[in-house]
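Before any comments, here is the structure.
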2 protein chains.
Amino acid sequence: MADVNVSTLPHNPKGDGKGGPNPAQKAAETAGDEGIPAIELIELLFFAYRDFVGDADEMLARLGFGRAHHRVVHFVNRHPGMRVADLLAVLKITKQSLGRVLRELVDNDYIQQKAGATDRRERLLYVAPKGEELARQLVALQTRRIARALNECGPGTRIAARKFLASMIDPESRAEVERLISRAAGGK
Amino acid sequence: MADVNVSTLPHNPKGDGKGGPNPAQKAAETAGDEGIPAIELIELLFFAYRDFVGDADEMLARLGFGRAHHRVVHFVNRHPGMRVADLLAVLKITKQSLGRVLRELVDNDYIQQKAGATDRRERLLYVAPKGEELARQLVALQTRRIARALNECGPGTRIAARKFLASMIDPESRAEVERLISRAAGGK
DNA sequence: AGAAATATGTCAATATGGCTGACGTAAACG
DNA sequence: CGTTTACGTCAGCCATATTGACATATTTCT
């Protein structure tokens with residue numbers, strides 16, 4: 001699956017004897033420590049992620065931006081002075097795709113570009129005040145949801161969630177993601 | 001943020017005295033039980049989700065399908081006999097958008113339609129054998145990743161992850177999502 | 001110095017997956 | 001019988017991504 005929305009549900013009009021267990025169950029089966037099918041986590045991950053990014057989507061839409069802009073502002077804010085090539089590598093999109101989004105952000109004073117000091121071919125990217133403010137607001141929004149969730153859950157949840165999410169990442173990428181996170185987060 | 005990819009990182013060419021903590025930190029701050037900034041979870045959620053859906057994306061691409069098809073096959077498989085209107089409500093897209101995807105799936109024998117028994121205006125949706133097999137494979141793929149992650153983490157992780165993810169969902173939607181999950185999962 | 005590689009930008013065409021508005025048809029409902 | 005409902009479809013638009021080709025500056029290598 002990929003982003004999905006909820007709201008209403010399939011009805012089951014006249015209790016047509018279809019209420020019980022159904023397909024997709026054998027495939028799910030148990031997977032992990034207890035005897036609960038992983039399909040639960042599959043769908044929860046979906047809905048959780050949908051609402052998680054939904055917060056930002058709204059704010060962005062009001063500015064005429066989309067998720068692509070969010071990604072750029074977020075990463076540039078987290079890694080000031082990153083090069084265009086670095087951003088492309090992190091986002092894994094083509095420079096043509098980045099081009100439009102970056103241009104819009106630069107034109108609207110969310111992102112600044114500076115030629116590299118040692119290599120003037122490089123365009124080092126920085127958030128302008130507007131971009132920093134936007135990034136701050138977006139992080140605050142998403143932080144709020146996470147804080148609420150953590151508060152609702154037990155005290156060990158943060159650690160567990162952090163570990164679980166990290167384990168969900170491709171093993172090959174994990175080291176880089178950890179580096180990306182800790183580096184920007186001020187990890188020394 | 002929204003879906004992002006990792007791989008290389010911003011370089012920091014000549015140790016220009018930029019290695020330390022940087023912006024976006026004050027905004028992150030602590031949020032929850034311990035003193036760790038939520039921004040870690042924000043980014044982990046991203047990368048985890050990216051790889052999570054990436055599994056399916058590959059398989060789908062080989063069939064010429066996209067995420068839209070995945071959603072349809074997944075939900076129809078989980079809720080056999082659901083109506084088009086139900087699917088629209090769950091996916092929260094327009095019927096025009098669903099139309100194309102559904103037509104492709106029907107034309108290629110992944111999904112079957114049957115007129116409703118009591119209300120013949122309804123088109124009840126069922127997975128055809130090919131669709132069931134595809135849904136099974138996709139769930140298996142994602143289950144594998146989850147199982148691996150749970151195995152890597154402690155025994156309590158499943159419970160904690162389940163709770164955390166559920167708490168990340170909008171409070172208003174939570175009951176419906178739980179219903180959606182448990183109903184299809186064989187909840188009586 | 002000159003050639004090659006690198007970092008970036010840009011033009012053009014294409015695909016996917018959303019959207020809105022308008023209209024049509026069959027069936028149920030009152 | 002008229003209205004509403006469930007669904008489908010035509011037509012056009014938008015955002016985001018893609019590929020391929022090519023341009024321009026600048027650095028690096030020989």
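Order of the sequence lines sets the chain letters (A, B, ...), proteins ahead of strands, with each chain counted from 1. These numbers come from a predicted model, not from an experiment.
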What one-letter contact string describes nucleotides 5-16 of chain D from 5' to 3', where B marks a base within less than 4.0 Å of any protein heavy atom, S marks contact via sugar-phosphate atoms alone, and - marks no contact? BSBBBB-----B

For F164(B) and F164(A), I'd like to know if the aromatic rings sit close, meaning centre-to-centre distance below 6.0 Å.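 No, ring centres 6.0 Å or more apart.
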
Run the ring-centre check on Y49(B) versus F52(A) and record whether the distance is less than 6.0 Å.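 No; F52(A) has its ring centre 6.0 Å or more from that of Y49(B).
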
Return the CG to NZ distance between L44(B) and K163(A), rounded to the nearest 0.5 Å.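 Between L44(B) CG and K163(A) NZ, I get 13.5 Å after rounding to 0.5 Å.
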
Should the ring pair F75(A) and H79(A) be called parallel, tilted or perpendicular, given that the plane angle runs from 0 to 90° and is split at 30 and 60?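 Geometry flag for H79(A) against F75(A): parallel rings.
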
Hey, is the main chain of E172(B) close enough, under 3.5 Å, to the side chain of D170(B) for a donor-acceptor pair?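 It does not hold such a pair.
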
Length of the line joining [X]:[atom1] and [N]:[atom2], which is rounded to integer Å:
X       : N      : atom1 : atom2 : value
L91(A)  : dT8(C) : CG    : C1'   : 16 Å
R120(A) : dA5(C) : CZ    : P     : 23 Å
M82(A)  : dA7(C) : CE    : P     : 14 Å

